[in-house]
Amino acid sequence: MTGPSESFATDPFGTQHWPVEVRLKKAEKRLEIEFDDGRKFSLPAEFLRVESPSAEVQGHNPSQKQTVSGRRHVGIMGLEPVGNYALRIQFDDMHDSGIFSWKYLYELGEHQDELWAEYLAELEKRGLKRDPR
């Protein structure tokens, strides 16, 4: 992976914090990332799946965001680098269209608790469950 100074020219996401270690823990269904500022995040597969940056989940504007239910048991089959600025995560429910930029992964880590609480509240409001039907 190239360093930040070389990457800004080709980084469409404006990355400010770069990963120094990325670990997929398949058995625990987690992605662990340590960034160059010392922050470490352990992101569950279910959380990543329901917050996927794909158009299928996010829509084309905030009012179109979908509430994805039934993903409690989703796992991660693999990771694919996208340039030097992102990962494509291949989930075992066959979703793989989201490009998770380092910036987006950092933001998910920073705001994990509040995003998760919002997701659970949205499920409840819509009468949806984390477990598959």
Side-chain angles (χ1 to χ4, degrees):
M1 198 152 126
T2 59
S5 60
E6 298 167 37
S7 302
F8 281 117
T10 59
D11 176 14
F13 296 101
T15 303
Q16 294 179 341
H17 303 287
W18 295 88
V20 294
E21 187 172 358
V22 177
R23 272 179 276 142
L24 172 57
K25 297 200 154 198
K26 281 188 178 184
E28 292 94 350
K29 298 182 178 184
R30 295 189 162 275
L31 180 65
E32 293 186 347
I33 305 175
E34 181 177 350
F35 286 90
D36 58 6
D37 65 349
R39 300 283 307 266
K40 297 177 187 178
F41 303 113
S42 182
L43 305 170
E46 180 185 11
F47 175 65
L48 292 167
R49 174 61 178 90
V50 302
E51 292 295 334
S52 172
S54 70
E56 174 189 332
V57 174
Q58 297 297 328
H60 296 289
N61 66 55
S63 69
Q64 294 178 337
K65 183 174 180 184
Q66 300 297 306
T67 302
V68 180
S69 63
R71 297 299 187 267
R72 181 189 299 265
H73 304 293
V74 75
I76 298 172
M77 295 189 316
L79 305 172
E80 177 185 337
V82 177
N84 59 1
Y85 53 84
L87 286 177
R88 180 185 312 274
I89 300 176
Q90 297 146 347
F91 295 95
D92 64 8
D93 68 353
M94 307 318 285
H95 179 78
D96 69 353
S97 60
I99 305 293
F100 289 79
S101 69
W102 300 127
K103 180 179 179 182
Y104 187 62
L105 287 165
Y106 191 93
E107 290 170 356
L108 288 177
E110 273 192 314
H111 303 287
Q112 184 175 352
D113 291 342
E114 62 209 67
L115 290 169
W116 187 248
E118 289 170 14
Y119 170 69
L120 294 177
E122 192 64 25
L123 284 179
E124 187 168 331
K125 180 175 128 184
R126 295 174 180 262
L128 300 171
K129 304 283 183 209
R130 291 177 56 207
D131 289 305
R133 289 182 192 173

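Counting begins at 1 with the first residue of the sequence. Computed from a predicted structure; not experimentally measured.
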message = According to a hydrophobic-cluster definition based on side-chain heavy atoms being under 4.5 Å apart (Ile, Leu, Val, Met, Phe, Trp, Tyr only), do Met77 and Phe91 belong together?
response = no

Sub-4.5 Å side-chain heavy-atom contact between Val68 and Leu128 = no

task = Could you check Arg130, Arg71, His73, Lys29 and say which one makes a side-chain hydrogen bond (donor to acceptor under 3.5 Å, both in side chains) with Glu46?
result = Arg130

query = Looking at CD of Gln90 and NE2 of His95, how far apart are the two atoms once the value is rounded to the nearest 0.5 Å?
reply = 11.0 Å

request  = List the steps and the verdict of salt bridge (charged side-chain N to carboxylate O under 4.0 Å, His left out) for Glu32 and Arg30.
outcome  = CA-CA 6 Å; Glu32 293 186 347; Arg30 295 189 162 275; 5.9 Å; no

query = Would you say the side-chain atoms of Asp92 pair up with the backbone N or O of Gly75, donor to acceptor, closer than 3.5 Å?
reply = yes

query = If you look at every heavy atom in Ser101 and Ala86, which pair is closest and at what distance?
reply = CA-CB, 3.6 Å

message = How long is the straight-line distance from OG of Ser42 back to CD of Glu28, given to the nearest 0.5 Å?
response = 8.5 Å

Over all atoms of both residues, closest heavy-atom pair of Trp18 and Asn84 = CZ3-O, 3.1 Å

message = With salt bridge (charged side-chain N to carboxylate O under 4.0 Å, His left out) as the criterion, how do Arg39 and Glu110 come out once you've worked through the C-alpha distance, each side chain's angles and the decisive distance to 0.1 Å?
response = CA-CA 9 Å; Arg39 300 283 307 266; Glu110 273 192 314; 3.6 Å; yes

task = Only one of Leu120, Val50, Leu108 passes side chain to side chain contact (heavy atoms under 4.5 Å, CB included) with Leu115; say which it is.
result = Leu108

query = If you measure from CD1 on Ile76 to CD1 on Ile89, what distance do you get to the nearest 0.5 Å?
reply = 5.0 Å

message = Taking salt bridge (Lys or Arg N to Asp or Glu O under 4.0 Å) as the cut-off, I'd like each qualifying pair that reaches into residues 74-85, sequence neighbours left out, listed once.
response = Glu80-Arg88

remark   = To the nearest 0.5 Å, atom CD of Glu51 lies from atom CD of Gln112 at 10.0 Å

ask   = So among Tyr85, Phe35, Phe100, which one has a ring pair (Phe, Tyr, Trp, His ring centres under 6.0 Å) with Tyr106?
value = Phe35

inquiry  = Would you say that more than 12 heavy atoms from the other residues, nucleotides or ligands in this model lie under 6.0 Å from the CD of Glu124, or not?
reply    = no

remark   = Of all heavy-atom pairs linking Ser52 and Gly98, the shortest is OG-CA, 3.7 Å

message = Nearest 0.5 angstrom please: Leu24 CG to Leu87 CG, how far?
response = 10.0 Å

message = Can you tell me if Asp113 has over 12 outside heavy atoms packed within less than 6.0 Å of its CG?
response = no

inquiry  = Using 0.5 Å steps for rounding, measure from the NZ atom of Lys26 to the CG atom of Leu79.
reply    = 8.5 Å

